[in-house]
Engineer: 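Below you will find the structure I want to go over with you.
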Amino acid sequence: AQKVTQTQTSISVMEKTTVTMDCVYETQDSSYFLFWYKQTASGEIVFLIRQDSYKKENATVGHYSLNFQKPKSSIGLIITATQIEDSAVYFCAMREGSGGYKVVFGSGTRLLVSP
Amino acid sequence: NAGVIQTPRHKVTGKGQEATLWCEPISGHSAVFWYRQTIVQGLEFLTYFRNQAPIDDSGMPKERFSAQMPNQSHSTLKIQSTQPQDSAVYLCASSPRLGSQDTQYFGPGTRLLVL
């Protein structure tokens with residue numbers, strides 16, 4: 001069964017620094033898709049970035065990038081030049097290629113960016 | 001584009017009462033997902049529909065919970081004989097298509113409190 005684990009409960013950083021959030025996953029599938037979502041204080045959940053397992057290049061969108069280490073079943077989210085508004089809870093998620101479109105989420109990492 | 005609409009935003013029910021939660025997906029989106037979010041369990045997948053057809057309800061509790069999508073403009077999640085442990089935020093998400101571009105767009109959620 002698929003499983004996503006985020007061990008960092010919370011992280012605090014200073015504004016304009018770089019932060020990395022960890023995520024490890026378990027799957028028996030050779031094809032799978034990894035996602036990061038952000039939940040703001042208002043409760044809104046927003047898609048940030050995805051990595052398809054067959055792609056070797058790390059995905060990058062704006063100031064978000066991924067560190068995909070397939071042998072370690074790891075997909076870290078890197079936020080560069082953090083801003084106050086990046087403060088939120090970040091969820092890692094996975095969809096298996098053979099599992100339809102069911103998405104399993106990790107427990108989330110709370111990021112606090114201070115001025 | 002109004003985004004995914006969920007009503008009501010808050011609902012309080014007494015133990016044993018029925019609760020019906022509504023979701024209006026983004027117009028033109030072909031897939032609708034339901035999730036439940038609690039502090040203890042985090043974000044849990046419940047079920048999803050594709051082109052109004054139920055595809056995977058593996059996350060739905062076997063009793064008391066049911067979901068329908070009678071037309072492309074709305075889906076409902078019904079909980080019969082609500083129990084205090086059903087208290088959670090219920091989130092609906094829609095996706096424009098299922099495939100390589102299956103990003104999910106989340107609604108604001110319905111906060112259900114069962115007394």
Side-chain angles (χ1 to χ4, degrees), chain A residues 1-10 21 23-25 27 29 31-55 57 59 61-62 64 66 88-110, chain B residues 1-6 8-10 23 25-26 29-51 53-60 67 69 88-112:
Chain A
Q2 57 182 333
K3 185 178 179 181
V4 176
T5 303
Q6 296 178 254
T7 56
Q8 299 160 306
T9 305
S10 64
M21 281 175 264
C23 174
V24 293
Y25 56 89
T27 180
D29 275 24
S31 173
Y32 49 90
F33 307 87
L34 301 162
F35 308 85
W36 280 90
Y37 284 82
K38 167 185 177 181
Q39 186 170 34
T40 63
S42 67
E44 181 186 18
I45 298 177
V46 178
F47 164 76
L48 296 177
I49 191 170
R50 71 182 277 163
Q51 179 81 37
D52 298 346
S53 63
Y54 58 86
K55 293 185 177 178
E57 261 191 39
V61 175
Y64 302 107
L66 297 177
V89 178
Y90 290 79
F91 292 97
C92 178
M94 176 174 67
R95 173 171 76 78
E96 292 179 321
S98 66
Y101 290 86
K102 173 182 176 178
V103 175
V104 172
F105 286 79
S107 56
T109 295
R110 182 176 299 277
Chain B
N1 192 333
V4 175
I5 298 172
Q6 290 190 249
R9 293 294 308 277
H10 302 271
C23 171
I26 294 172
H29 281 198
S30 65
V32 170
F33 299 77
W34 284 96
Y35 297 89
R36 176 169 65 180
Q37 185 174 30
T38 61
I39 298 293
V40 174
Q41 298 294 333
L43 257 171
E44 299 176 279
F45 167 84
L46 294 177
T47 185
Y48 82 92
F49 298 82
R50 182 177 189 175
N51 295 325
I55 303 299
D56 183 345
D57 65 354
S58 60
M60 292 278 275
M69 191 163 185
V89 176
Y90 289 84
L91 292 152
C92 175
S94 69
S95 180
R97 65 190 68 83
L98 295 180
S100 61
Q101 299 297 325
D102 58 331
T103 298
Q104 295 187 25
Y105 296 80
F106 282 79
T110 293
R111 185 175 296 275
L112 175 68

Engineer: Do the side-chain N and O atoms of B:Gln104 and B:Tyr48 include a donor-acceptor pair separated by under 3.5 angstrom?
Structural biologist: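 No donor-acceptor contact under 3.5 Å links the two side chains.
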Engineer: What part of B:Tyr105 gets closer than 4.5 Å to chain A, counting heavy atoms only: side chain, backbone, both or neither?
Structural biologist: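 Neither the backbone nor the side chain of B:Tyr105 comes within 4.5 Å of chain A.
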Engineer: Pick one of side chain, backbone, both or neither for B:Ile55, based on which atoms fall under 4.5 Å of a heavy atom in chain A.
Structural biologist: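 The answer is neither part of B:Ile55.
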Engineer: Would you say the side-chain atoms of B:Gln6 pair up with the backbone N or O of B:Gly109, donor to acceptor, closer than 3.5 Å?
Structural biologist: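 Yes, the answer is positive, given that a donor and an acceptor are paired below the 3.5 Å cut-off.
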Engineer: Check whether B:Ser58 gets within reach of chain A through its side chain, its backbone, both or neither, counting any heavy atom under 4.5 Å.
Structural biologist: side chain
Engineer: Any pair with a residue in residues 96-105 of chain A that passes salt bridge (charged side-chain N to carboxylate O under 4.0 Å, His left out), sequence neighbours left out, goes on the list, sorted by first then second residue, please.
Structural biologist: none
Engineer: Please state whether the side chain, the backbone, both or neither of B:Gln37 comes within less than 4.5 Å of a heavy atom of chain A.
Structural biologist: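 Contact with chain A involves the side chain of B:Gln37 alone.
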Engineer: Checking heavy atoms, do the side chain of B:Arg50, its backbone, both or neither come under 4.5 Å from chain A?
Structural biologist: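 For B:Arg50, side-chain heavy atoms alone lie under 4.5 Å from chain A.
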Engineer: Could you name each residue pair satisfying salt bridge (charged side-chain N to carboxylate O under 4.0 Å, His left out) that touches residues 30-44 of chain B, not counting sequence neighbours?
Structural biologist: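 Listed by first then second residue: B:Arg36-B:Glu44.
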Engineer: Which bit of A:Val104 is near chain B, if near means a heavy-atom gap under 4.5 Å: side chain, backbone, both or neither?
Structural biologist: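 Contact with chain B is absent: no heavy atom of A:Val104 under 4.5 Å.
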Engineer: Would you check if the side chain of B:Ser30 reaches a backbone N or O of B:Pro96 as a donor-acceptor pair within less than 3.5 Å?
Structural biologist: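 At least one qualifying donor-acceptor pair exists.
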